[in-house]
Amino acid sequence: MGAVDSDEYRELVLQLVERIPPGRVMTYGAIAEYLADVSGRCSARQVGTIMARYGAGVPWHRVVNSSGRVVPGHEQRATERLAAEGVPLRAGRVIIKTAAWYPEDHTVGG
DNA sequence: TGACTGACGCCGG
DNA sequence: CCCGGCGCCAGTC
């Protein structure tokens, strides 16, 4: 499949975030990069916007920026949950090199 | 149309 | 490590 509609792209993002296993995290950029492979698009900003608007129903706390910063406006919440899952933290930030996760499949449906 | 706005990312100071 | 600037893209005014 090539390009997707915004609505579908939104679903792809949410579905991928749901697949992030506990104790692991993904960056906005990594999500965009992965989806670029399956949908032909790439934009960390778009991922951030989608998470801000529709991320309430998924493990949003497992999504952080490339610096390991947790979701702004929910630092307490996110850090709390991440710590409970065993995500390595350093000064309130996620240690990406250790906690970063990336899907091994090349399909999303499943 | 064109300007403004973000749950981003990389670089330089 | 923090801050500012620029590029990026889709949505909104």
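Below, read A as the first sequence line, B as the second, and so on, with proteins coming before strands; counting in each chain starts at 1.
- The distance from atom CD1 of Ile50(A) to atom P of dG11(C) is 9 Å, rounded to the nearest whole Å.
- The distance between atom CG of Asn65(A) and atom P of dC10(B), rounded to the nearest whole Å, is 10 Å.
- With Val63(A) as reference, Ile31(A) is the one residue of Val25(A), Val71(A), Val70(A), Ile31(A) to meet the side chain to side chain contact (heavy atoms under 4.5 Å, CB included) rule.
- Between the CD1 atom of Ile96(A) and the C1' atom of dC10(B) there is a distance of 15 Å, rounded to whole Å.
- Using a 4.0 Å heavy-atom criterion, one finds that Ala44(A) contacts the sugar-phosphate atoms exclusively.
- Phosphate contact (OP1/OP2 of dA10(C), side-chain N/O of Ser43(A), threshold under 4.0 Å): absent.
- Regarding Arg69(A), its CZ atom lies at a distance of 9 Å from the C1' atom of dC2(C), rounded to whole Å.
- Within the nucleic acid shown, Arg93(A) comes within 4.0 Å of sugar-phosphate atoms alone, with no base atom in reach, counting heavy atoms only.
- To the nearest 0.5 Å, the span separating CD1 on Ile96(A) from CE on Met26(A) amounts to 10.5 Å.
- Among the nucleotides dC10(B), dA10(C), dA7(B), the one closest to the side chain of Gln46(A) is dA10(C).
- When the P atom of dG6(B) is taken as reference, atom CE of Met51(A) falls 18 Å away, rounded to whole Å.
- Glu85(A) pairs by the side-chain hydrogen bond (donor to acceptor under 3.5 Å, both in side chains) definition with His61(A), Arg62(A), not counting sequence neighbours.
- One interatomic measurement links the two molecules: OH of Tyr54(A) to C1' of dG11(C), which rounds to 10 Å at whole-angstrom precision.
- In this model, the phosphate group of dG11(C) is not approached by any side-chain N or O of Arg53(A) to a distance below 4.0 Å at OP1 or OP2.
- Note that CD of Gln46(A) and CZ of Arg10(A) are 9.5 Å apart. Values are rounded to the nearest 0.5 Å.
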